[in-house]
Amino acid sequence: MVQRKRVMGALVTATVFMSLVAGCGAKTTETTSATTAPQATKAAEAAKAGDGKVVVGFSQIGAESGWRGAETQSIQDTAKADPTIDLKFSDAQQKQENQIKAIRSFIAQKVDVIAMAPVVETGWEAVLKEAKDAKIPVILVDRGIDKKNEDLYTSFIGSDFIVEGQNAAKAMAEHLGDKGNIVELEGTVGASAATDRKKGFDDEIKKHPNIKIVKSQSGDFNRATGKQVMEAILKSPEGKDIQGVYAHNDDMALGAIQAIEEAGKKPGSDVKIVSIDGIKEAFEAVKAGKLNTVVECNPLLGPQLFQAAKDLKAGKQLPKWIKSNEDVFTGQKAIDALPNRKY
Ligand code: GZL
């Protein structure tokens, strides 16, 4: 009788554990009702260990741009295609507090690796210290955090935003014939991608004294917001004499293009446009003569992320920065590349 009770007790424990793990959206193995006590415990243990899989908790910012959607797709598709990966994915809807909650949940689930795209650079110290205390390595994806917290993450997989900004400035100077007034549409305030794209562009454009940034404002990496900001600028005194727009991402550039057209001007000719990301729609806008240069920023980071997670689980060292290779596309080069663009 006691033996039966013990078996039942173990089965209940395993079932409860499995439903908890399943509730977190994890891929779990099915346990059969015929499982006896020792096997039930083994099944529960295996589920906790992710069946020898590499269990990665990823905190995604949200879905603010075409680029972000492409990154999410890459990460989810790569995990789906790889049976050795168990991905726990969380969408923070642009809120840092949701990212912090997700990271705490990953710590509680004892994942092997925590990955995150930090919406802004600051405010991560406490939660990343908790991850460090729990001996769970952290990989930053596509955005960075405060340099003073470099010891709180293992590796950053992403672009050199300063170089992207410099390349955008060089292209803008070329398109403007080295003179003119420009508007800068900045990304999310406090995001490393915005801070560094601004620094790279503004420092480079200083080498062209006849080019003036007459207005610089955040459009939050979002198309609708980018359009609204551009509409307001075009109605302002500074907006009366604009020859160029530099947008920190394609979505804001595409919003600005709409605003410029609605104001009766020709984007791509009256107003030169340079943006960063390289989503397909931006290449199509170049082909339509409405956008002049696209600086590529690679969002297809899924393969690199999961290779890095596997390497960490295998005890390998990672470089502090796994840098993306990127290109700059102007005019015919963009048109020729369009058919092969993957995002
Ligand atoms: C860049 C990434 C930026 C993209 C935007 O790595 O963080 O965030 O440029 C996205 O499109 O919103």
Side-chain angles (χ1 to χ4, degrees), residues 58-75 91-96 98-99 115-122 124 139-146 153 155-168 171 184-201 218-227 229 245-257 273-283 285 291 293-305 308 321-329 341-343:
F58 180 68
S59 168
Q60 178 58 295
I61 292 173
E64 75 281 1
S65 66
W67 187 98
R68 184 67 51 199
E71 182 188 64
T72 291
Q73 197 71 54
S74 169
I75 288 172
D91 176 330
Q93 278 135 27
Q94 313 309 119
K95 294 189 176 72
Q96 181 174 32
N98 290 343
Q99 290 200 282
M116 60 184 271
V119 60
V120 292
E121 293 183 276
T122 55
W124 303 103
I139 295 175
L140 302 185
V141 177
D142 99 66
R143 287 192 190 171
I145 62 173
D146 254 352
Y153 68 89
S155 187
F156 165 60
I157 301 175
S159 307
D160 187 332
F161 303 124
I162 290 182
V163 166
E164 291 175 346
Q166 290 166 340
N167 287 335
E184 183 172 354
L185 296 176
E186 300 178 15
T188 301
V189 176
S192 64
T195 308
D196 289 351
R197 283 172 182 168
K198 179 168 186 62
K199 175 168 176 42
F201 184 92
S218 174
D220 208 17
F221 283 133
N222 177 274
R223 192 172 309 200
T225 317
K227 183 182 180 207
V229 168
V245 173
Y246 162 50
H248 288 189
N249 84 329
D250 294 341
D251 284 74
M252 294 190 294
L254 293 165
I257 284 169
I273 317 272
V274 173
S275 74
I276 300 176
D277 272 353
I279 63 172
K280 209 167 268 181
E281 262 188 279
F283 280 77
L291 202 157
T293 287
V294 181
V295 176
E296 185 183 35
C297 173
N298 184 0
L300 307 180
L301 303 177
Q304 285 171 303
L305 169 58
W321 185 356
I322 300 172
K323 205 182 274 191
S324 307
N325 299 318
E326 299 163 345
D327 203 346
V328 179
F329 295 89
R341 295 300 297 173
K342 296 197 184 77
Y343 62 93

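The basis for the numbers below is simple: all heavy atoms, side chains too, and nothing from hydrogens, waters or symmetry mates. For this chain, numbers begin at 1 and follow the sequence in order. Order of appearance sets the numbers: ligands from 1, and atoms from 1 within every ligand.
- The one candidate from D251, D250, D142, D220 that meets the salt bridge (Lys or Arg N to Asp or Glu O under 4.0 Å) condition with R68 is D142.
- Remark: the Q60 side chain and the T72 side chain contain an N/O donor-acceptor pair separated by less than 3.5 Å.
- Scanning the protein for heavy atoms near atom 12 (O) of ligand 1, the closest one is E64 OE2, 2.5 Å.
- Annotation: H248 places no N or O atom under 3.5 Å from an N or O atom of ligand 1; distance criterion only.
- Ring geometry, Y246 versus F201: the interplanar angle falls under 30°, so the pair is classed parallel (tilted spans 30 to 60°).
- Shown are R223, K95, R143; of these, the salt bridge (Lys or Arg N to Asp or Glu O under 4.0 Å) with E64 is made only by R143.
- Heavy-atom contacts of S65 reach the following atoms of ligand 1: 5 (C), 10 (C), 11 (O), 12 (O) (cutoff under 4.0 Å).
- Judged as a ring pair (Phe, Tyr, Trp, His ring centres under 6.0 Å), and not counting sequence neighbours, the contacts of F329 are F283.
- In this structure, atom 4 (C) of ligand 1 lies nearest to the protein heavy atom D277 OD1, 3.4 Å.
- Looking at atom 8 (O) of ligand 1, its nearest protein heavy atom turns out to be R143 NH2, 2.8 Å.
- Heavy-atom separations between R197 and ligand 1 include at least one value shorter than 4.0 Å.
- Under 3.5 Å, the side chains of H248 and E184 contain a donor-acceptor pair of N or O atoms.
- At a heavy-atom cutoff of 4.0 Å, ligand 1 is contacted by the side chain of N249 but not by its backbone.
- Heavy atoms of D251 come nearer than 4.0 angstrom to ligand 1 in no pair at all.
- Across V119, D250, D142, heavy-atom proximity to atom 2 (C) of ligand 1 is greatest for D142.
- A donor-acceptor pair under 3.5 Å is absent between the side-chain atoms of N249 and the main chain of I276, judged by distance alone.
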